[in-house]
Amino acid sequence: MTFRAAAIQMCSGVDPERNAAAMVRLVREAASRGATYIQTPEMTGMLQRDRAAARAVLRDEGNDVIARTGSELARELGIFMHVGSTAIALDDGKLANRGFLFGPDGKILNRYDKIHMFDVDLDNGESWRESAAYRPGSEARVLSLPFAEMGFAICYDVRFPALFRAQAVAGAEVMTVPAAFTKQTGEAHWEILLRARAIENGVFVVAAAQAGRHEDGRETFGHSMIVDPWGRVLASAGPEGEAVIIADIDPSAVKAAHDKIPNLKNGRDFSIERVAGAVAGGVAA
């Protein structure tokens, strides 16, 4: 059952209300072009490096403007509306980097909390400690939709292929990777990682991204992308600013890819042993 998917590229700022308004405008554009599954980027609601300022405006799930607006859009437009993620205040003082999928009736079909925290130090001096503010998720899920079996990830999760393999083995046909990749890491790895996850699992990958220079000073890579199970890029956006990219997805292409290269079926369990070898005369002993 072919369906039309859209990935929404944004440049979210520090005001959730403004970001919600931008989301509404872009999602309506995607729906007007026939998209029935629409995905927004990681941190659709706000990109704000000042944690105190962020906490002052963040709300719990029931009072979050992005979640509420996503639900309203899904119901108004009759679409499957995937808020890639937004920051949700939790009872313990931490935050969740949480994605939502809303059905055409506006009800939540799935929540996904980002599992892998972006704790890195980059060559250009950028240092990120997502775990200092966010509580990592612990549950992956494959969701059965009328048009496809869907798996979920967020941004840094894409560097952990075991997550994608587990979902593919569980039947996922479409993997979702909303993101806010840094410019440095995106230039090096973004397209390669997305295509690799698609190829090695024989699945579609839909990845809506943040793009450009943000109000809080960070710069994200953009290049939102939709990739098919053979690793071909079906649609992509540029490096900066808002965009709506669209591709028609036929889940039967997943079976075709698996028939050609049945690596999911051919996978085998194996043991691993670490061996310390002494070298004598140039030959390992």
Side-chain angles (χ1 to χ4, degrees), residues 8-26 39-73 82-100 108 111-139 152-160 177-186 208-222 240-242:
I8 303 295
Q9 184 160 289
M10 297 177 66
C11 186
S12 294
V14 300
D15 182 346
E17 295 283 351
R18 272 207 321 268
N19 298 327
M23 179 178 76
V24 168
R25 174 169 43 80
L26 292 164
Q39 180 193 123
T40 67
E42 180 184 28
M43 289 296 148
T44 293
M46 180 173 59
L47 283 172
Q48 170 62 279
R49 297 189 73 165
D50 185 327
R51 288 178 181 158
R55 288 181 186 279
V57 298
L58 292 176
R59 300 291 181 263
D60 62 21
E61 182 179 304
N63 294 291
D64 179 74
V65 63
I66 297 296
R68 182 179 70 249
T69 303
S71 172
E72 291 169 352
L73 281 169
H82 184 179
V83 173
S85 89
T86 197
I88 297 294
L90 302 176
D91 292 340
D92 61 3
K94 286 270 195 176
L95 305 172
N97 188 341
R98 180 169 295 169
F100 299 92
I108 295 175
R111 297 174 179 84
Y112 172 73
D113 288 358
K114 185 177 180 180
I115 292 173
H116 300 98
M117 297 288 95
F118 191 55
D119 291 356
V120 302
D121 299 296
L122 302 178
D123 293 341
N124 64 358
E126 288 184 64
S127 183
W128 301 93
R129 292 293 180 272
E130 194 172 19
S131 63
Y134 289 84
R135 186 176 73 193
S138 59
E139 182 179 287
F152 298 84
I154 295 173
C155 201
Y156 191 47
D157 285 333
V158 77
R159 294 186 182 271
F160 298 85
V177 192
F181 248 62
T182 69
K183 183 178 181 182
Q184 182 182 9
T185 58
Q210 295 282 356
R213 179 75 66 176
H214 299 263
E215 282 183 283
D216 71 346
R218 82 181 76 195
E219 194 168 4
T220 52
F221 182 63
E240 296 184 4
E242 297 176 344

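Side-chain atoms are counted along with the backbone in the values below, which use heavy atoms only and exclude waters and symmetry mates. FYI, the numbering just counts along the sequence from 1.
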Derivation of the side chain to side chain contact (heavy atoms under 4.5 Å, CB included) call for Asn97 and Tyr156:
CA-CA 12 Å; Asn97 188 341; Tyr156 191 47; over 6 Å; no

Apply side chain to side chain contact (heavy atoms under 4.5 Å, CB included) to residues Tyr134 and Asp113 and explain how you reach the verdict.
CA-CA 10 Å; Tyr134 289 84; Asp113 288 358; over 6 Å; no

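Separating the CG atom in Leu58 from the CG atom in Asn63 is a distance of 12.0 Å, to the nearest 0.5 Å. Taking CD from Glu219 and CD from Gln184, the interatomic distance works out to 11.5 Å, rounded to the nearest 0.5 Å. A distance of 7.5 Å separates CD1 in Ile88 from CG in Asp60, rounded to the nearest 0.5 Å. Annotation: the span from His214 atom NE2 to Cys11 atom SG amounts to 4.5 Å, rounded to 0.5 Å.
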For residues 14-23, which side-chain donor-acceptor pairs fall under 3.5 Å, sequence neighbours excluded?
| from | atom 1 | to | atom 2 | distance (Å) |
| --- | --- | --- | --- | --- |
| Asp15 | OD1 | Glu17 | N | 2.9 |
| Arg18 | NH2 | Glu215 | OE1 | 2.7 |
| Arg18 | NH2 | Glu215 | OE2 | 3.0 |
| Asn19 | OD1 | Gly13 | N | 2.9 |
| Asn19 | ND2 | Gly13 | O | 3.1 |
| Asn19 | ND2 | Asp15 | O | 3.1 |
| Asn19 | ND2 | Gly45 | O | 2.7 |

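Ion pairing between a basic and an acidic side chain is recognised when a charged N comes within 4.0 Å of a carboxylate O; Arg59 and Asp64 show no such pairing.
Residues Arg98 and Leu90 are in side-chain contact: their nearest non-hydrogen atoms beyond the backbone lie under 4.5 Å apart. The closest side-chain heavy-atom distance from Arg218 to Gln210 is not below 4.5 Å. Put simply, the side chain of Thr220 does not reach to within 4.5 Å of the side chain of Glu42, judged on heavy atoms.
Without hydrogens or angle criteria, Thr86 side chain to Met43 main chain gives no donor-acceptor distance under 3.5 Å. A donor-acceptor pair under 3.5 Å links the side-chain atoms of Asp157 to the main chain of Ile154, judged by distance alone. The backbone N or O of Ala67 lies less than 3.5 Å from no partner atom in the side chain of Glu61, so there is not a single donor-acceptor pair. Under the 3.5 Å distance criterion, the side-chain polar atoms of Gln39 are left unmatched by any main-chain donor or acceptor of His82. At least one donor-acceptor pair under 3.5 Å links the side chain of Thr40 to the backbone N or O of Gly84. Judged by distance alone, with hydrogens and angles left aside, the side-chain atoms of Arg55 form a donor-acceptor pair with the main-chain N or O of Gly93 at under 3.5 Å. Here the side chain of Gln48 pairs no donor or acceptor atom with the backbone of Asp216 at under 3.5 angstrom.
Heavy-atom minimum distance, Pro41 versus Ala179: CB-O, 3.7 Å. Taking both residues in full, the closest heavy atoms of Pro178 and Ala153 are given as CD-O, 3.2 Å, listed atom of the first, atom of the second, then distance.
Ring pair Phe160/His116 is parallel by interplanar angle, where below 30° counts as parallel and above 60° as perpendicular.
The salt bridge (charged side-chain N to carboxylate O under 4.0 Å, His left out) pairs that include a residue from residues 87-96 are Asp92-Arg135, where partners are two or more places apart or lie in different chains.
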